[in-house]
Every structure is written in structure tokens, then in C-alpha cells.
Number of protein chains: 2
Amino acid sequence: MQYRPVAINLADRPKASQCHDCGARHIGLCGALSDDDLALLTRVAQSIAVAAGQLLVDEGAPAAHFFNINRGTVRLFKSLPDGRRQITGFMGVGQFLGLKVTTQPPAGAVYAFGAEAIDDVQLCRFGRAGLISALEDFPALEHRLLAVASDELVAAQDQMLLLGRKTARERLASFLLAWAAQTHHLPADAIHAGAALAVPMTRTDLADYLGLTIETVSRTLSQLRRDGLVAIHGAHEIALLKPREIAAIAHNLAG
Amino acid sequence: MQYRPVAINLADRPKASQCHDCGARHIGLCGALSDDDLALLTRVAQSIAVAAGQLLVDEGAPAAHFFNINRGTVRLFKSLPDGRRQITGFMGVGQFLGLKVTTQPPAGAVYAFGAEAIDDVQLCRFGRAGLISALEDFPALEHRLLAVASDELVAAQDQMLLLGRKTARERLASFLLAWAAQTHHLPADAIHAGAALAVPMTRTDLADYLGLTIETVSRTLSQLRRDGLVAIHGAHEIALLKPREIAAIAHNLAG
DNA sequence: CGGGACTTTGAGCTTTCTCAACGATGGTGG
DNA sequence: CCACCATCGTTGAGAAAGCTCAAAGTCCCG
């Protein structure tokens with residue numbers, strides 16, 4: 001059974017026409033827009049619920065939409081024909097989704113990744129053509145999109161370093177810090193000790209994200225626990241007891 | 001000694017004010033601009049020569065410029081304090097460089113990567129502030145930049161799949177195809193059999209790009225040669241004898 | 001022609017993977 | 001309400017891909 005952290009309260013589902021209620025109103029892409037601009041954008045937006053485990057974006061399908069996540073967590077991935085899978089990122093509240101497309105001469109833009117809901121997800125869906133034409137009227141939106149793309153590129157470089165050159169222990173340490181920072185909307189060096197970290201993804205997800213096997217993820221987490229660096233409460237909650245030491249492992253520092 | 005594929009002819013160095021002469025005039029970013037627009041852009045551009053092996057961009061330094069490569073090949077990389085290095089990409093003629101920056105509250109934008117010239121490189125350098133303000137006047141340029149960023153994101157996902165989930169043999173096959181496609185400005189399925197491929201980078205570069213050691217790169221290339229898939233002439237020229245079979249290995253296909 | 005840097009090949013080792021069994025957890029139906 | 005069952009996670013033992021250490025070979029370039 002998929003992990004479901006909270007029951008969805010149907011009464012407070014954000015509607016695209018009610019952006020001011022939305023948990024993502026002031027972060028990410030929407031945070032860059034004025035109320036007036038946002039009101040115009042809602043013309044091309046729909047609010048959509050996606051249940052845990054459901055496919056949201058199919059790799060290779062025509063890219064018809066952009067998405068903005070308002071609740072829950074999404075995994076992005078690429079697959080090989082024999083079933084090997086690489087998760088390329090986890091997207092949370094406020095994050096924008098859909099830039100990674102390839103333009104193929106006959107078919108037009110197709111998604112270069114798959115996306116699935118890890119837990120129950122609520123998101124805004126924008127028609128691709130509509131949003132792109134809206135860029136003409138909102139240069140601030142395009143600036144913001146470029147900034148989003150730039151941030152994702154930086155994160156992608158970091159992940160390449162992790163996948164190409166880090167040990168299993170370093171990978172887990174890097175992930176825990178980065179995930180805590182992303183979850184709490186904080187810089188990685190501002191994580192405070194002992195705070196509980198929700199980890200909605202399964203061990204299989206972690207393995208496919210970190211380029212390891214599920215067994216190595218499990219063993220390495222157990223080792224971090226034995227070393228007193230983390231506390232593990234069930235499979236989906238981890239407390240970072242010593243963030244500085246975890247950071248030292250992640251970034252290969254002396255301390 | 002660094003590899004130097006051709007002597008630089010000093011007489012035909014492109015100047016920013018002579019874009020029409022430039023080898024990159026009709027590809028990449030500049031290809032998206034009219035002659036008139038380009039003429040305006042040259043205000044913020046300088047033509048720069050960088051010798052093989054020279055550092056072009058220092059990771060963590062303030063991001064003062066964007067670059068566009070007119071000749072030669074550049075490696076982008078990230079490093080760990082103990083010397084481990086991950087090359088995140090190789091940039092060739094016509095490619096644009098400098099989007100991958102992190103904005104740090106006190107310092108402003110800093111480069112999130114290092115860059116070095118692999119062979120002798122000729123490039124256009126744009127003042128960052130100047131180019132960004134130019135975006136106001138040239139929305140087409142910003143569209144193009146977003147498209148460049150999107151393409152790089154797609155390539156980054158592919159590389160994560162390679163680093164996280166592919167075998168050494170699959171990594172080399174993937175690299176050879178992708179490099180041939182990039183070099184010849186062709187789609188990967190249009191590589192023709194037997195064509196010589198210039199590989200200016202060293203085995204160490206390949207290892208640091210593919211998440212392997214230099215020995216594994218060498219052994220795996222030798223194996224591809226023994227299997228009749230490639231021909232190796234010296235260290236820096238490889239002919240793809242059977243591109244289809246190489247593609248089958250790279251993408252884990254049945255054929 | 002000599003020497004340094006780069007590449008190739010070999011042998012043994014280590015990290016991580018694979019295969020297997022056991023344990024925990026949470027939802028479901030009796 | 002509790003026992004069952006499926007799924008997920010943990011731990012162990014052996015195997016393997018790729019790494020490390022070492023030595024010989026090659027290629028430039030002076």
C-alpha cells in the first residue's frame with residue numbers, strides 16, 4: 001500500500017480560481033506574480049488531485065501541460081527497457097514541473113521524464129500552449145522560469161557528482177540534508193538538530209534516486225543510526241540528530 | 001602535455017564585432033538572432049582566447065559573465081575537497097555557458113561549476129549584467145535561453161540515468177553516440193557508420209564524466225574494439241563502426 | 001633520440017550488488 | 001477487535017563489477 005501521510009480534506013482543495021488560499025501561493029513560481037497577474041493565469045489553470053501511486057506524466061508522451069504542486073510529493077524518473085529506473089528528483093509543494101521536454105520534429109514537445117505521485121498530490125495544471133503564450137504578456141514569469149531552470153540545473157550537477165563520485169554513506173548524508181532543506185524551505189546549513197523529517201518515499205525510491213540498491217540504502221541508514229547521526233522512527237520519519245556531522249560526510253569535509 | 005588538435009590561426013580569430021565570420025553564427029544562441037539584434041549584442045561581448053588546460057570559470061567565484069564557444073571544447077566539472085571530480089558536461093562550438101549559478105544572499109550569483117579548456121578555445125564573453133538587461137529588449141533571446149536550459153536539463157537527466165544505473169559498457173556506448181551527435185550537430189540515430197570521431201578529452205576526463213576510473217574506461221574501450229564496434233586510432237580518434245549496435249548497448253535494446 | 005605524460009594491461013581487493021530469509025507494519029475482513 | 005496477509009524494510013552470506021596498485025607500452029614534442 002502506498003504511504004498516505006494525511007487524509008485529504010476535500011473541503012479545502014485549492015481551486016485555481018482561489019490562489020490566495022493555496023499553500024503554494026507565495027513560494028515558487030506563483031510567488032513571483034502579483035495577485036492581478038495570477039488572476040489572469042488562472043484562465044489556463046486547472047486544479048487536479050492525483051492519488052498516491054498514480055502516474056502523472058508519461059515519459060515520451062506529448063507534453064501538453066505544465067504543473068505546479070500544491071500538496072504532496074512527486075517522483076520524476078527515467079527508465080531503461082529492462083526495468084532499471086533512475087529517479088531524477090523529488091518535487092514538493094510550490095515546485096514547478098514540465099520544463100524537461102524534448103522537441104521532436106514530427107511530434108513536437110514530448111516529456112523526457114515520467115512522474116508519479118508518491119503520496120496524495122494536489123496540483124495546478126496549465127495548458128502548455130496557454131502558458132507559453134502568457135509568457136509574452138508576463139516577462140516576469142519567463143524570468144522566473146529561467147531562474148527555476150537554472151536552479152534545477154545546479155541541483156542536477158550536484159546529483160551527478162553524487163552519482164558519479166560519492167560513496168553510499170555520502171549519498172545518504174547528502175540526500176538527507178538536501179531533502180530536509182527542500183522540505184523546510186531552508187538553506188542546508190540552517191537545518192536544526194533533531195527535527196523530524198518526513199520521508200514519504202520508499203526505500204526503493206531512495207535507492208533509485210541515489211543509484212544504489214534498496215539493501216544498501218537500508219544498511220547505510222542503519223549504520224548512520226548506529227553512529228548516532230540520525231534517529232529512525234518507522235520507515236518514513238528520520239530525525240537528523242547531528243546535521244553538522246551529516247554535512248561533513250555529505251560534502252567530504254574534515255570536521 | 002595537453003592535447004592540441006589544430007594550431008590556432010591567429011589571423012582568423014573571430015571578433016565579437018565580426019559575428020558574420022563566426023563558426024557559431026548560425027547555431028546555438030546566436031542562430032536565434034537577426035543580424036541587427038546581434039549587432040546590438042556585440043556591445044556587451046568580447047572575443048577571448050583560452051589556451052588548452054586553462055581555467056575558464058572557477059567554481060564558487062562571482063558569476064560575472066556568460067560565454068559562447070566559437071572554437072574548441074570545454075569541460076565543466078564539480079569537485080570534492082579530497083580531489084574527486086565529476087565532469088558534468090563537455091561543451092563544443094556554438095554552445096552557451098553560464099546558466100548554472102547559485103544566488104547566495106550576500107555574494108550574489110556565483111558559478112556552481114568549474115570550466116577548463118580541453119584544447120585551445122575561442123569564445124565570446126558577455127557581461128552578465130549586460131546580457132540580463134539585454135533580455136528586456138530581446139524577448140526572443142530569453143525564449144532561446146529557456147530552450148537552452150530545457151535541453152541541458154534533459155541531457156542532465158540522461159546523465160543521471162547513466163551514472164546511477166548503467167554498466168561501464170553502456171556508459172561508454174552512450175557517451176560515444178552522444179558525443180558524435182553533439183560534434184556533428186546530428187540526432188543520435190543519424191550517425192553514419194565508420195565516420196571518424198574526434199575525442200579531444202583524455203581518458204581521465206572520460207572517467208570523470210562517466211563515473212568510472214581511467215582503467216575501466218580503457219579496458220571497456222578495448223573490449224568495444226575487440227567486439228568490432230569501434231576502431232581506435234590513437235587516443236583521440238575513434239570510429240563508430242556499428243552505430244546501431246552501439247545504440248542498442250547504450251539504450252539497452254534487444255537488437 | 002630521449003623523456004614526460006598518457007594509455008593499456010594485469011592481478012588482487014573492496015564496495016556494492018544479488019540472492020535469500022526473516023521481521024515489521026498497516027490495512028482488511030472475519 | 002483481532003488475526004491475517006501483502007507489502008515493505010532489515011539483515012546476512014556469497015558473488016561480481018569495478019577499483020586500486022603496479023608495470024609495461026605508446027605517443028608526442030622538444
Side-chain angles (χ1 to χ4, degrees), chain A residues 1-7 51-53 75 80 82-86 118-120 162-173 199-226 230-238 249, chain B residues 1-7 51-53 75 82-86 118-120 162-173 198-226 230-238 249:
Chain A
M1 189 59 205
Q2 284 289 334
Y3 171 65
R4 290 163 182 265
V6 289
R75 58 177 166 251
L80 251 13
D82 65 1
R84 280 175 285 173
R85 181 180 72 157
Q86 179 65 36
I118 290 179
D119 43 24
D120 290 321
L162 180 151
L163 292 169
R165 288 296 179 228
K166 289 188 182 179
T167 65
R169 188 177 170 87
E170 291 165 346
R171 293 181 199 204
L172 263 299
V199 181
M201 53 290 269
T202 65
R203 295 293 184 265
T204 301
D205 286 336
L206 289 184
D208 285 349
Y209 181 57
L210 298 175
L212 300 169
T213 59
I214 167 177
E215 295 94 332
T216 299
V217 169
S218 184
R219 273 189 257 271
T220 306
L221 277 175
S222 295
Q223 188 195 327
L224 292 176
R225 173 174 46 70
R226 271 182 249 112
V230 305
I232 300 176
H233 306 108
H236 297 288
E237 189 187 313
I238 300 179
I249 294 169
Chain B
M1 188 61 202
Q2 284 289 334
Y3 172 66
R4 289 163 182 267
V6 290
R75 59 176 164 252
D82 65 1
R84 280 175 286 172
R85 180 180 73 156
Q86 179 65 37
I118 289 179
D119 44 23
D120 289 322
L162 181 151
L163 292 170
R165 289 294 179 231
K166 289 189 181 178
T167 64
R169 187 175 170 88
E170 290 165 347
R171 292 180 201 205
L172 263 299
V199 181
M201 53 291 268
T202 66
R203 295 292 183 265
T204 301
D205 287 336
L206 288 184
D208 286 348
Y209 181 57
L210 299 176
L212 300 168
T213 59
I214 166 178
E215 294 93 334
T216 299
V217 168
S218 183
R219 272 188 258 270
T220 306
L221 277 176
S222 296
Q223 187 195 325
L224 292 175
R225 172 174 47 70
R226 270 182 251 114
V230 305
I232 299 177
H233 306 107
H236 297 288
E237 189 187 312
I238 300 179
I249 294 169

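Keep in mind it's a predicted model, so treat the numbers as computed, not measured. Residue numbers begin at 1 in each chain, while the letters A, B, ... track the order of the sequences.
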- Query: Which letter, B, S or -, goes with each nucleotide of nucleotides 15-28 of chain D from 5' to 3', with contact meaning a protein heavy atom under 4.0 Å?
  - Reply: ---SSBB-------

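- Distance CZ (B:R226) to C1' (C:dT8): 10 Å, rounded to an integer number of Å.
- In plain terms, the two heavy atoms of B:H236 and B:V199 that are nearest each other are ND1-O, 2.8 Å.
- When the side-chain nitrogen and oxygen atoms of B:R203 are compared with OP1 and OP2 of C:dT9, none of them lie within a distance under 4.0 Å.
- Close to C:dT9, at under 4.0 Å from its OP1 or OP2, lies a side-chain N or O of B:S222.
- Within the 4.5 Å cutoff, side-chain heavy atoms of A:L212 are placed close to those of A:L172.
- Minimum heavy-atom separation, A:D119 to A:P200: OD2-CB, 3.7 Å.
- Between the CG atom of B:L163 and the P atom of C:dT16 there is a distance of 15 Å, rounded to whole Å.
- Taking atom CG of A:L224 as the reference point, atom P of D:dG9 lies 17 Å away to the nearest angstrom.
- Scanning for side chain to side chain donor-acceptor pair (under 3.5 Å) contacts around A:R85 gives A:D205, A:D208, with sequence neighbours left out.
- At whole-Å resolution of the value, CD1 in A:I118 and P in D:dC8 are 13 Å apart.
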- Message: For a side-chain contact (heavy atoms from CB on, under 4.5 Å) check, start with the C-alpha distance between B:T220 and B:R171, then their side-chain angles and the critical distance, and finish with the verdict.
- Response: CA-CA 10 Å; B:T220 306; B:R171 292 180 201 205; over 6 Å; no

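- Neither OP1 nor OP2 of C:dT9 sits under 4.0 Å from any side-chain N or O of B:S218.
- Going from atom CG of A:L163 over to atom CD of B:Q86 covers 8.0 Å, rounded to the nearest 0.5 Å.
- Across the protein-nucleic acid pair, B:I238 atom CD1 and C:dT7 atom C1' stand 12 Å apart, rounded to whole Å.
- A rotation axis mapping the C1' atoms of four pairs onto the next four is fitted at both ends of the helix from C:dC1-D:dG30 to C:dG30-D:dC1 over five pairs, and the angle between these axes is 40° to 10 degrees.
- Between the P atom of C:dT16 and the CG atom of A:L206 lies a distance of 16 Å, rounded to the nearest Å.
- C:dC6 atom C1' lies 14 Å from atom CD1 of B:I232, rounded to whole Å.
- A distance of 12.5 Å separates OG1 in A:T167 from CZ in A:R165, rounded to the nearest 0.5 Å.
- Closest to the side chain of B:I214, from the set D:dG9, D:dT10, C:dT8, is C:dT8.
- Distance CD1/B:I232 to CG/B:L224: 7.5 Å, rounded to 0.5 Å.
- Distance check, rounded to the nearest 0.5 Å: CZ of B:R169 to CD of B:Q223 gives 4.5 Å.
- Between the P atom of D:dG9 and the CD atom of A:E237 lies a distance of 15 Å, rounded to the nearest Å.
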